[in-house]
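Per chain, numbering begins at 1; letters A, B, ... match sequence-line order.
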Amino acid sequence: MTSAGKENSVDFIREIVERDIREGKHGGRVHTRFPPEPNGYLHIGHAKAFCIDFGIAEEYGGLYNLRFDDTNPVKENIEYVDSIIKDIKWLGFDWEDRLYYASDYFERMYAYAEQLIEKGAAYVCDLPADEVREYRGTLTEPGRNSPWRNRSVKENLDLFQRMKSGEFPDGTRTLRAKIDMASPNMNMRDPAIYRILKKSHHRTGDRWCIYPMYDYAHCLEDSIEEITHSCCSIEFEDHRPLYDWFLDQLDIFHPQQIEFARLNLTYTIMSKRKLAMLVENGLVSGWDDPRMPTLSGLRRRGYTPEAIRDFIGRIGVAKRDSTVDMALLEYCIRDDLNKRAPRFMAVLDPLKVTIENYPAGKHEELEFINNPEDESAGTRMVPFSRELYIERDDFQEEPHRKFRRLAPGKEVRLRYAYLITCVDFVKDENGNVKELICRYDPETRGGSTPDGRKVKGTLHWVSAEHAVPAEVRLYDRLFTVENPLASGSFTDTINAESLKVLSRCRIEPSAADLAIGEPVQFERKGYFCKDPDSTEEKLVFNRTISLRDTWKKILKNQN
RNA sequence: UGGGGCGUCGUCAAAUGGUUAAGACACAGGGUUUUGGUCCCUGCAUUGGGGGUUCGAAUCCUCCCGCCCCAGCCA
């Protein structure tokens, strides 16, 4: 509770690691791993996991491996392998030459299984899946021993070898650990450790037709790589006795499994299966849809690795179930981008303004500060002329009493340009304002007021003849409720307005040749980046996140 | 209901029996400001509940309540 105490406070995993180092366990060595199954795209929940795994190794001078847990060829493929590598690298981690695959260990795993059989700790079971289920018992009733439980070592060895050589069809036999069918822990009721799967594997092809199960494979992978601290999520807590059992039976290097809570975020979902459903049903454009909590989606949206890492650091690590407020993630990206994103002018919903006392045909270049938070970002020149566009909602015919922007007879500042006063406006046949007539004060070039008069409102603008057209995509939360899984089908609460496409936007000329994905701020509107959908003819920008909007809050609090 | 885990501000999350229970986000109010942004200031919990141990309890004991996970030949 002292200030020193606060600074030294670390999460419970780091506490374990620090104690192990202090006590010289494994010679003070720290070696972690992140073991994704290549069966889908990574989301921000995975980022929490590998930031913990890799972050701990980095912090304590250890090493970390990336290991694909590819023990189920039915669900895995190379496309996922590639995307996972890309996403983790994007977050800034480098596992050097320590990229491994569980499938590289199949031979050794098979040999270990033979050892288990030899010592009577595993047997070939001929029960079909539904009977295994019956024999397993229930949460409250113990299971019964399989009739095949007491085969001889010789017969087991023979049968297991024949399973491997493809003699038996899928599902007809399994190799099972011989533990305790009456264990209160369901995981210990003779779990399957090998199943027959005549399916070719993305790395081992058709070399194998039996594949190891997670509980058996995972501890061996960790052991083979001499991982010291094997972190995983909380649902594996009651698999730990099994993890330990295999390693003890085999008497091999024994890592420590440590479990922590998964990440949940408000207004989104983190289940790979459900995210896949959104993709398959066309509810989003793909795994990298900017509304998705996937790393590829966040990247396309304009989130930076720095912001995501900052977020992961802020949410902490513990064991209790929790749901982090999306507002924290939004805070992190704003905070990062505020410091580094160069500012540009973009009018999303244009309203024409004519400066009647500004000469037609004239134009001048005005100096703009690129980033008020970063002097080294320098300045740029922006063209100004008689006809401009401003944001439609920066004008009110009958202004709200706290409205600081343009209205008939009112004066505002055009950012870094001039002070202008609205003298008239023109409506179309439907009664909508279609043009403002204003006068400018030539003494106020750059937006300063030599006479010292104060102007409350400052508007962004673009020169009509110089501005470049663009499409801007505004994103909102994917779901309308904090917890989409709380009731009924999660698709019921999908936010129908999570994507809004504005096709008539105008951006200042210098923003046209931004690189794809490069973060910028469109002044007063938020942070944006150019989308890969952009072409020579058509610019497309994604809004990463809006600026905090106090004005909107004022209006909301009034109602 | 068997087993395993977890309950501290609206949301995350510190605290390791010892002064007024950190901090961040959110929220509310105020100041500065050529972005209604940023920045700055202020406010904002006696720890799921009851008993007990102790000079002293979020921390220890006990009973209760609530939430999560487990009955794949998925991971």
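B/rG50 takes the anti form, because its glycosidic angle lies more than 90° either side of 0.
Nearest-nucleotide positions on RNA chain B place A/Leu329 closer to the 5' end than the other of A/Leu329 and A/Asp130. Nearest-nucleotide mapping onto RNA chain B: of A/Arg334 and A/Phe12, the residue sitting toward the 5' end is A/Phe12.
Among the heavy atoms of the strands lying under 4.0 Å from A/Leu139 is at least one base atom, whether or not backbone atoms are also near. Looking at heavy-atom distances under 4.0 Å, A/Arg415 makes contact with a base. Base engagement by A/Lys402 is indicated by at least one non-hydrogen atom pair under 4.0 Å involving a base atom. Note on A/Pro36: nothing from the nucleic acid sits closer than 4.0 angstrom, heavy atoms only. Note on A/Leu328: only backbone sugar-phosphate atoms sit closer than 4.0 angstrom, heavy atoms only; bases stay farther off. Within the 4.0 angstrom heavy-atom criterion, no nucleotide atom of any strand lies near A/Tyr194. Within 4.0 Å of A/Ser322, counting heavy atoms only, lie sugar-phosphate atoms of the nucleic acid but no base atom. At a threshold of 4.0 angstrom between heavy atoms, the contacts of A/Lys456 with the nucleic acid are absent. Residue-level contact check: A/Ala129 touches the bases, meaning some heavy atom is under 4.0 Å from a base atom. If you check every strand for non-hydrogen atoms under 4.0 Å, A/Leu242 touches nothing. When heavy atoms are screened at a 4.0 angstrom cut-off, A/Glu523 is found touching base atoms of the nucleic acid. Counting any heavy atom pair closer than 4.0 Å across all strands shown, A/Thr323 reaches sugar-phosphate atoms only and no base atom. Looking at heavy-atom distances under 4.0 Å, A/Asn72 makes contact with sugar-phosphate atoms alone, never a base. Using a 4.0 Å heavy-atom cutoff across all strands shown, A/Pro128 reaches at least one base atom of the nucleic acid.
OP1 or OP2 of B/rG37 has at least one side-chain nitrogen or oxygen of A/Thr550 nearer than 4.0 Å. Residue A/Arg195 has a polar side-chain atom (N or O) positioned under 4.0 Å from OP1 or OP2 of B/rC74. When the side-chain nitrogen and oxygen atoms of A/Arg136 are compared with OP1 and OP2 of B/rC70, none of them lie within a distance under 4.0 Å. Phosphate contact (OP1/OP2 of B/rC25, side-chain N/O of A/Tyr331, threshold under 4.0 Å): present. Taking 4.0 angstrom as the limit, A/Arg524 places a side-chain polar atom (N or O) nearer than this to OP1 or OP2 of B/rG36. Between A/Thr71 and B/rA75 there is a side-chain N or O to OP1 or OP2 distance below 4.0 Å.
When the P atom is compared between B/rU46 and B/rG5, the two are found 31 Å apart, to the nearest whole Å. Taking atom C1' on both nucleotides, B/rA22 is separated from B/rA13 by 9 Å, rounded to a whole Å. Comparing the same atom, P, in B/rA26 and in B/rU32 gives a spacing of 22 Å after rounding to whole Å. For the P atoms, the distance linking B/rG23 with B/rG31 amounts to 25 Å, nearest Å. B/rG2 and B/rU59 have their C1' atoms separated by 30 Å, with the value rounded to a whole Å. With C1' as the reference atom, B/rA21 and B/rA57 are 12 Å apart, rounded to whole Å. Taking the P atom of each, B/rC27 and B/rU38 are spaced 11 Å apart, rounded to whole Å.
For A/Lys75 and B/rG72, the NZ to P distance is 14 Å, given to the nearest whole Å. Note: CD1 (A/Ile315) to P (B/rA14) measures 11 Å, nearest angstrom. Rounded to whole angstrom, the span from the CD1 atom of A/Ile369 across to the P atom of B/rU35 amounts to 10 Å. Summarising the geometry, the separation between CG on A/Leu459 and P on B/rU33 is reported as 19 Å, rounded to the nearest angstrom. If you measure from atom CG of A/Asp335 to atom P of B/rC25, you get 8 Å, rounded to the nearest angstrom. Rounding to whole angstrom units, NZ of residue A/Lys556 and P of B/rG36 are separated by 19 Å. For the pair A/Lys164 NZ and B/rC73 P, the interatomic distance rounds to 23 Å; values are reported in whole Å. As a whole-Å value, the separation of A/Tyr267 OH from B/rA26 P is 13 Å.
Between A/Trp551 and A/His400, the ring center distance clears the sub-6.0 Å criterion. A/Tyr214 and A/His218 have their aromatic ring centers within a separation under 6.0 angstrom. Within the 6.0 Å centre-distance limit, the rings of A/Phe541 and A/Phe522 are counted as a close aromatic pair. Between A/Tyr418 and A/Phe384, a ring centre-to-centre spacing shorter than 6.0 Å is recorded. Taking the six-membered ring for Trp, A/Phe260 and A/Phe12 have ring centres at least 6.0 Å apart. Between A/Tyr216 and A/Phe246, the ring center distance clears the sub-6.0 Å criterion.
Closest to the A/Glu37 side chain, of the nucleotides B/rC74, B/rG36, B/rA14, is B/rC74. Residue A/Trp551 has its side chain nearest to B/rG36 when only B/rC70, B/rC12, B/rG36 are considered. For A/Ala318, taking side-chain heavy atoms from C-beta onward, the closest of the listed nucleotides B/rG36, B/rU35, B/rA13 is B/rA13. Considering only the side chain of A/Ala327, B/rA26 comes nearest among B/rA26, B/rU35, B/rA75. Taking every side-chain heavy atom of A/Leu547 into account, B/rG37 is the closest of B/rG37, B/rC70, B/rG2.
Between A/Asn145 and A/Tyr135 there is no side-chain heavy-atom pair separated by less than 4.5 Å.
The base of B/rU38 has none of its N or O atoms less than 3.5 Å from a complementary donor or acceptor on the side chain of A/Arg548. A donor and an acceptor atom never sit less than 3.5 Å apart when one is taken from the side chain of A/Arg133 and the other from the base of B/rG72.
Between the CZ atom in A/Phe403 and the CG atom in A/Leu555 there is a gap of 9.5 Å [rounded to 0.5 Å].
Residues A/Ser376 and A/Asp374 have side chains that bring a donor and an acceptor to within less than 3.5 angstrom of each other.
Side-chain atoms of A/Ser223 never come within 3.5 Å of backbone atoms of A/Leu220 as a donor-acceptor pair (strictly under, hydrogens ignored).
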Original post:
How would RNA chain B look in dot-bracket form, 5' to 3', counting Watson-Crick and G-U wobble pairs with both distances under 3.5 Å and writing | for bases paired to another strand?
Top reply: .((((((..(((.....[....))).(((((.......)))))....(((((..]....))))))))))).....
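Summarising the geometry of A/Gly316 relative to A/Lys48, their closest heavy-atom pair is O-CE, 3.9 Å, with the distance given to 0.1 Å.
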Within the sub-3.5 Å range, which N or O atoms of nucleotides 4-6 of chain B have a protein N or O partner, and how far apart are they?
from, atom 1, to, atom 2, distance (Å)
B/rG5, O2', A/Glu237, OE1, 3.3

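The existence of a salt bridge linking A/Arg262 and A/Asp321 is excluded, since no basic side-chain nitrogen approaches an acidic carboxylate oxygen closer than 4.0 Å. A salt bridge links A/Asp126 with A/Arg151: the closest approach of a Lys/Arg side-chain nitrogen to an acidic carboxylate oxygen falls below 4.0 angstrom.
Checking each of A/His239, A/Glu235, A/Lys319 against A/Glu259 for a side-chain contact (heavy atoms from CB on, under 4.5 Å) leaves exactly one that passes, namely A/Lys319.
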